[in-house]
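Hydrogens, waters and symmetry mates play no part in the numbers below; they use all other heavy atoms, side chains included. Read the numbers this way: they start at 1 and go in the same order the structure lists the ligands and their atoms.
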Amino acid sequence: MRRRFKRASALFGQTPARNDYLALIGGTIYVSPTEEPIRNGVVLINSGKIAAVGTRGQVQVPQNAQLVDCSGRTITAGFWNSHVHFMERKWADVASIPASELNQQLQDMFTRYGFTAAFDLSSPWENTRRLRDRIESGEVVGPRIYSTGLGLLPANPGLPPDAVINLMGWMKAPAPEVADAAQAAAAARRLLDAGVDGIKLFVAAPSKASLSQSTIEAAVHEAHRLGKPVFVHPNTGADVLTAVRGGVDVIAHTTPQSGPWDETLLATMKEHRVALIPTLWIWKWYARHDRRSAQDKIVNTEVGQLRAWAANGGTVLFGTDLGAVDPDPAEEYSLMGQAGMTFRQILASLTTSPAERFGESKQRGRVAEGFQADLVVLNDDPSKNIRALIAVQYTLRAGKIIYRTGE
Ligand SMILES: [Zn+2]
């Protein structure tokens, strides 16, 4: 190719004009987790979408296209983090935060690690909606945000005192408490009427109060009427079983505190086709003050739970509980690898599996013609070392470079 590559830094943050083409040239492209990668490939982008994907010989790059050299790099679809929270104080009163500061905060947590979509599983909905609006208007650069609004709690949950909430760094935002099925249905309906993308249930609370199966069913019924998913935070395997029987769609954590998951639980999860967000790193992090043997027990149990589920063909969605844990996802990738998940399985948890679960599989999750140009360009090959998933060179959303490492 004789034309000179334009420095990607010159393209940073630009919204390409309507007829402009952007071409990522020369990388190894994982078009999906199940297909063979295209080596020395080209991704041609136009109007925010993928116009063509193939080898250099197959894709005609228009003369006026801007070119980005991706040789030696790996290209995948943009990543999803399916368990985050916009609950930290840094997001409070989001309408008043200057765009430059928001950009930095969103980069620190999302775009620098390749996340182009995030599902928030409990935060004050009006605030999170304003954040999303500022991103979608183009004023602020960030991922596509989905949110459940504040999660539903059992009555008398015994939440920590304000001093502890302060120490955790969270906003004070009282979540709705529901005592029975009628209250759960009403609370879910209020959130859905306000426009949330799903419902989150805390099946058990610190006080040991819990939601009954019929209470869970009532909330699920309201969400499913609108085709929206229900997520559950469980503390034990028994909580998972109740929630699955109640019809929830996504289990938002493993439960290492309650010991290994038995065959009945795993079979019931499979039968109900739920998805699991493992959040392995946060349990390891929370155990860091405990004795080494106790830490090892937590890690072995959670890794065992994920291994049993993934080996059984269960759907896994990548998620870290971001907002409650350090943003760097490298440790989560490593722990998923310890549970026997291959690079391709982990890639599915970041791309195709969330896109399918959340009804976006016709436009997101794969590097394919006609799909949204939400892409990650990595400097290393994650099929050789899973930690290479954090070596992000560029993150693109709708064809726009929204993050690049200094070059
Ligand atoms: Zn969470």
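The Zn ion (ligand 1) has no N, O or S atom of H253 inside 2.8 Å of it.
If you check the side chains of R288 and Y286, you find no donor sitting under 3.5 Å from an acceptor. Using a 3.5 Å distance cut-off with no hydrogens or angles, the side chains of Q305 and E302 do not pair a donor with an acceptor.
In terms of distance to the Zn ion (ligand 1), the nearest N, O or S atom of D321 is named OD1. Nearest N/O/S atom of H85 with respect to the Zn ion (ligand 1) is recorded as NE2.
With sequence neighbours excluded, no residue forms a ring-ring contact (aromatic ring centres under 6.0 Å, His included) with W125.
Applying the side-chain hydrogen bond (donor to acceptor under 3.5 Å, both in side chains) test between R132 and each of D197, N127, D120 identifies D197 as the sole match.
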